[in-house]
Engineer: 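Quick one: structure below, then a few questions.
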Number of protein chains: 2
Amino acid sequence: MMLSKTCDYGIRAAIFVAGRKDQQFTPIGEISEQLNISFHFLTKILQRLTQESILKSYRGSNGGVALARAAHLISLKDIVSAIDGDNPFGACLLGLNQCSDHNPCPLHEQWNLIRKKMESLFEKTTLAKLATATTAKRFRLTDLTEP
Amino acid sequence: MMLSKTCDYGIRAAIFVAGRKDQQFTPIGEISEQLNISFHFLTKILQRLTQESILKSYRGSNGGVALARAAHLISLKDIVSAIDGDNPFGACLLGLNQCSDHNPCPLHEQWNLIRKKMESLFEKTTLAKLATATTAKRFRLTDLTEP
DNA sequence: CAGATTTAAGACTCTTTTGTCTTAATATAA
DNA sequence: TTATATTAAGACAAAAGAGTCTTAAATCTG
Ligand code: SF4
Ligand code: SF4
């Protein structure tokens, strides 16, 4: 799977937060309940996003987390970078180091086309788009329970 | 990184074996040396490929591993499936279950385009193509040591 | 047969990822 | 002020991935 689970959870939570009507703070407990993610685990992940200034947080009653800036200014890549580290597309298929057009493995040319598309998708896709799409078209952010 | 390290090693070793001039058995020791992969670890990985009938092996002097069928009949997908399990492209970005066009997450449409391309690349790319390209164009199968 | 070579099998260790839990800090509200 | 709600921080545990090592089995060579 492309991204770590940690990263998946972070993205899903961020979309959820971005989709809130009122821009109040959303308690992590509510997010974890809605998305069916362990509360404590999600807390750690969102702390990371808070440290990276993608979310802001507030403690105490009526506290929670909220986007640190407008949803259209937060890309998927921002979140992935914050959680999984710099370039999740740097290494790839064969996991070789120092990949470049100059010293390629035999898959490089074909793979690079796909990789570029992925990178572009992650850069262009913002939380605003994802949140709007999610609520408008009733997309899901959780696993299905029914077979 | 898309694939597990185990899978990377398996692919690289398979390309190396496919690229051998004589279709004799290639000792794993030689592969591990050339590709700079731990001998014991590689042995375990190639055992897997042997069990899955992608390689055949022979013990004793002049033993080693060889392709179990013609190189143009072994696709990358065959190798990936044998090592990392069925469909490495089944789940994806958000890691949700039961993904389909009917019950999508908000990234589904965009992502599916890319995923299809990946799947097709893995299905179309055979060891024959990779081995030929590697030897003809001097592509590399190993990490670079020089900075 | 004896010795060398090479894969097979599986136990074992180390590291990373994933997940849980406890305690502390901060804020609100009664 | 006291109780309650909530994030912060970090220790800890469990599971999976990556890698090592030892012993056994098969095969060839002399
Ligand atoms: S496809 Fe390109 S970037 Fe990926 S491992 Fe090969 S050389 Fe490196
Ligand atoms: S993009 Fe499609 S296949 Fe991937 S997690 Fe979303 S719904 Fe599932």
Side-chain angles (χ1 to χ4, degrees), chain A residues 1-14 17 20 24-68 80 83-85 88 91 94-95 143, chain B residues 1-14 17 20 24-68 80 83-85 88 91 94-95 143:
Chain A
M1 185 177 7
M2 277 301 300
L3 305 171
S4 71
K5 227 160 184 177
T6 310
C7 203
D8 283 344
Y9 290 163
I11 292 173
R12 284 161 56 191
V17 169
R20 297 279 301 212
Q24 305 306 322
F25 289 92
T26 308
I28 298 178
E30 185 182 332
I31 307 175
S32 84
E33 198 177 305
Q34 292 292 321
L35 300 187
N36 202 31
I37 301 172
S38 145
F39 169 72
H40 288 293
F41 191 31
L42 185 57
T43 294
K44 268 208 319 196
I45 298 170
L46 297 191
Q47 273 170 25
R48 193 77 196 276
L49 291 182
T50 302
Q51 285 159 359
E52 298 285 336
S53 300
I54 288 170
L55 298 179
K56 60 188 172 186
S57 66
Y58 209 74
R59 296 196 238 196
S61 294
N62 306 322
V65 296
L67 301 187
V80 173
I83 295 179
D84 272 1
L94 298 193
D143 278 339
Chain B
M1 186 179 2
M2 276 302 298
L3 305 171
S4 70
K5 226 159 184 176
T6 308
C7 202
D8 282 344
Y9 290 163
I11 293 174
R12 284 162 54 191
V17 170
R20 296 279 301 214
Q24 305 305 322
F25 289 93
T26 309
I28 299 179
E30 185 182 332
I31 307 174
S32 83
E33 198 177 303
Q34 292 292 321
L35 300 186
N36 203 31
I37 300 172
S38 146
F39 168 74
H40 289 293
F41 190 29
L42 184 58
T43 294
K44 268 209 319 196
I45 298 170
L46 296 191
Q47 274 171 25
R48 193 77 197 276
L49 291 182
T50 301
Q51 287 160 358
E52 299 283 337
S53 299
I54 289 170
L55 298 180
K56 61 188 172 188
S57 67
Y58 210 74
R59 297 196 237 197
S61 293
N62 306 322
V65 294
L67 300 187
V80 173
I83 296 179
D84 273 1
L94 299 192
D143 278 340

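Here is the naming used below: chain letters follow the sequence lines, and residue numbers restart at 1 for every chain. Note that this is a predicted model, so its numbers are computed, not measured.
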Engineer: Rounded to whole angstrom units, what separation is found between the CG atom of B:Leu49 and the P atom of C:dA8?
Structural biologist: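 About 11 Å, once rounded to whole Å.
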Engineer: In whole Å, what is the span from the CD atom of B:Gln24 to the P atom of D:dC28?
Structural biologist: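 Checked: the CD to P distance equals 12 Å.
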Engineer: Between A:Tyr9 and C:dT18, is there a side-chain N or O to OP1/OP2 distance below 4.0 Å?
Structural biologist: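 Indeed not, no polar side-chain atom of A:Tyr9 lies that close.
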Engineer: Looking at D:dG19, I'd like to know if its phosphate oxygens (OP1 or OP2) sit under 4.0 Å from a side-chain N or O belonging to B:Ser38.
Structural biologist: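 For D:dG19, neither OP1 nor OP2 has a side-chain N or O of B:Ser38 closer than 4.0 Å.
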Engineer: With distance as the sole test, does B:Asp84 use its side chain to make a donor-acceptor pair with the main-chain N or O of B:Leu3 at under 3.5 Å?
Structural biologist: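 No; judged by distance alone, with no hydrogens or angles, the pair does not exist.
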Engineer: Taking the side chain of B:His40 as heavy atoms from C-beta outward, which of D:dG19, C:dT20, D:dT22 is closest to it?
Structural biologist: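 It is D:dT22.
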Engineer: Do the side chain of A:Lys44 and the base of D:dG10 come within less than 3.5 angstrom through a donor-acceptor pair of N or O atoms?
Structural biologist: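 Flag unset: no donor-acceptor pair detected.
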Engineer: Do any side-chain nitrogens or oxygens of B:Ser61 fall under 4.0 Å of OP1 or OP2 in C:dA4?
Structural biologist: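 So the side-chain polar atoms of B:Ser61 never come under 4.0 Å of the phosphate oxygens OP1 or OP2 of C:dA4.
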Engineer: In whole angstrom, what separates A:Asp84's CG from C:dT16's P?
Structural biologist: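 Going from A:Asp84 (CG) to C:dT16 (P), I get 15 Å.
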Engineer: Could you state the interatomic distance from CZ (B:Arg20) to CG (B:Leu67), rounded to the nearest 0.5 Å?
Structural biologist: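 Taking CZ in B:Arg20 and CG in B:Leu67, the distance rounds to 11.5 Å.
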Engineer: For B:Ile45 and D:dG17, give me the distance from atom CD1 to atom P, rounded to whole Å.
Structural biologist: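 Going from CD1 in B:Ile45 over to P in D:dG17 covers 13 Å.
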Engineer: D:dA9, OP1 or OP2 - any side-chain N/O from A:Gln51 closer than 4.0 Å?
Structural biologist: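 A:Gln51 to D:dA9 OP1/OP2: side-chain N or O found under 4.0 Å.
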Engineer: Please report the distance, rounded to the nearest Å, between NZ in B:Lys56 and P in C:dA8.
Structural biologist: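 The answer, rounded to whole Å, is 14 Å.
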Engineer: Looking only at non-hydrogen atoms, find the nearest pair between A:Ile83 and A:Thr6 and report the distance.
Structural biologist: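 The answer is CG2-CG2, 3.7 Å.
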Engineer: What distance do B:Ser53 atom OG and B:Gln51 atom CD have between them, rounded to the nearest 0.5 Å?
Structural biologist: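 The OG atom of B:Ser53 sits 9.5 Å away from the CD atom of B:Gln51.
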Engineer: Measuring to OP1 and OP2 of D:dA8, would you say a side-chain N or O of A:Ser57 lies under 4.0 angstrom away?
Structural biologist: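 So the side chain of A:Ser57 is within the cut-off, an N or O lying under 4.0 Å from OP1 or OP2 of D:dA8.
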Engineer: If the cut-off is 4.0 Å, is A:Asn62 near the phosphate of D:dT4, judged by side-chain N/O to OP1 or OP2?
Structural biologist: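 The answer is no; no side-chain N or O of A:Asn62 sits under 4.0 Å from OP1 or OP2.
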Engineer: Quickly work out the B:Gln47 CD to D:dG19 P distance and round it to whole Å.
Structural biologist: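 Whole-Å distance recorded here is 16 Å.
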Engineer: Which whole-number value in Å describes the distance from A:Asn36 CG to C:dG19 P?
Structural biologist: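 Distance check: A:Asn36 CG to C:dG19 P gives 11 Å.
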Engineer: Just call it for B:Phe39: base, sugar-phosphate, or nothing, with non-hydrogen atoms closer than 4.0 Å on any strand.
Structural biologist: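 Since a base atom lies under 4.0 Å of B:Phe39, the category is base.
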Engineer: Give A:Glu30 one of three labels, base, sugar-phosphate or nothing, depending on what nucleic acid heavy atoms sit under 4.0 Å from its own.
Structural biologist: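 Result for A:Glu30 = nothing.
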Engineer: Any base atoms under 4.0 Å from A:Tyr58, or only sugar-phosphate, or nothing? Heavy atoms, all strands.
Structural biologist: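 Here A:Tyr58 touches the backbone only, sparing every base.
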Engineer: Can you tell me how far NZ of A:Lys5 sits from CD1 of A:Ile37, rounded to the nearest 0.5 angstrom?
Structural biologist: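 NZ of A:Lys5 is found 10.5 Å from CD1 of A:Ile37.
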Engineer: On DNA chain D, nearest-nucleotide positions of A:Arg59 versus B:Thr6: which is more 5'?
Structural biologist: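 Final value for this comparison: A:Arg59.
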Engineer: Tell me the interatomic distance from A:Asp8, atom CG, to C:dG19, atom P, rounded to whole angstroms.
Structural biologist: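 Those two atoms, CG and P, are 10 Å apart.
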Engineer: Ignoring hydrogens and angles, tell me if any N or O in the side chain of B:Arg12 forms a donor-acceptor pair with the backbone of B:Leu35 under 3.5 Å.
Structural biologist: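 Yes; judged by distance alone, with no hydrogens or angles, the pair exists.
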Engineer: Classify the nucleic acid contact of A:Ile28 as base, sugar-phosphate or nothing, counting any heavy atom under 4.0 Å across all strands shown.
Structural biologist: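 It contacts sugar-phosphate atoms only.
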